[in-house]
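Predicted, not measured: the structure shown is a model, and the values here were computed from it.
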Amino acid sequence: MTPSTIERAYQVARSGQAADFASLKRLLQAEGCRAVDALLSARSLRGHLEAICAAASSQDAAPPISKGQGPS
């Protein structure tokens with residue numbers, strides 16, 4: 001079963017594929033998700049997805065910590 005547009009938005013946001021909300025919407029529309037603008041228009045949903053995109057993007061940009069080299 002294919003995920004709903006909102007479920008897919010969360011999947012993409014968590015994956016780090018979208019750096020921000022605008023790129024998330026473009027990616028979903030390119031994938032053929034329906035009613036992206038209408039379904040993601042709620043301010044609270046948009047804010048949550050923006051925060052997830054930002055967190056996932058920053059994790060991708062951070063260099064991995066080698067084993068045995070934890071924070072000091």
Handout entry: Any pair counted as salt bridge (charged side-chain N to carboxylate O under 4.0 Å, His left out), so long as it reaches residues 12-23, sequence neighbours left out
Key = none

Exercise for the section: Apply side-chain hydrogen bond (donor to acceptor under 3.5 Å, both in side chains) to R46 and list each qualifying residue two or more places apart in sequence or on a separate chain. Expected result: E50

Exercise for the section: Share the residues that join M1 in a hydrophobic cluster, the rule being Ile, Leu, Val, Met, Phe, Trp or Tyr side chains under 4.5 Å apart at the heavy-atom level. Expected result: none

Completion exercise
Smallest heavy-atom separation, S57 atom then A19 atom, equals OG-CA, 3.4 Å

Fill in the blank from the handout: Value for CG (L40) from OG1 (T5), rounded to nearest 0.5 Å, stands at 7.5 Å

Handout entry: All pairs passing ring pair (Phe, Tyr, Trp, His ring centres under 6.0 Å) where residues 23-50 contributes a residue, at least two apart
Key = Y10-H48

Would you give me the side-chain donor-acceptor pairs under 3.5 Å for residues 24-36, sequence neighbours excluded?
{"unit_1": "K25", "atom_1": "NZ", "unit_2": "D37", "atom_2": "OD1", "d": "2.8"}
{"unit_1": "E31", "atom_1": "OE1", "unit_2": "R8", "atom_2": "NE", "d": "2.8"}
{"unit_1": "E31", "atom_1": "OE2", "unit_2": "R8", "atom_2": "NH2", "d": "2.8"}

Problem - Residue pairs passing the ring pair (Phe, Tyr, Trp, His ring centres under 6.0 Å) test where at least one lies in residues 11-32, sequence neighbours excluded - result: none

Exercise for the section: State, to 0.1 Å, how close C53 and A13 come at their nearest heavy-atom pair, and which atoms those are. Expected result: SG-CB, 3.8 Å

Completion exercise
Closest heavy-atom pair, S41 versus A38, reported as atoms and distance to 0.1 Å, is OG-O, 2.9 Å

Practice task
Write down the atom of S4, the atom of E7, and the distance for their closest heavy-atom approach.
Solution key: N-OE1, 2.8 Å

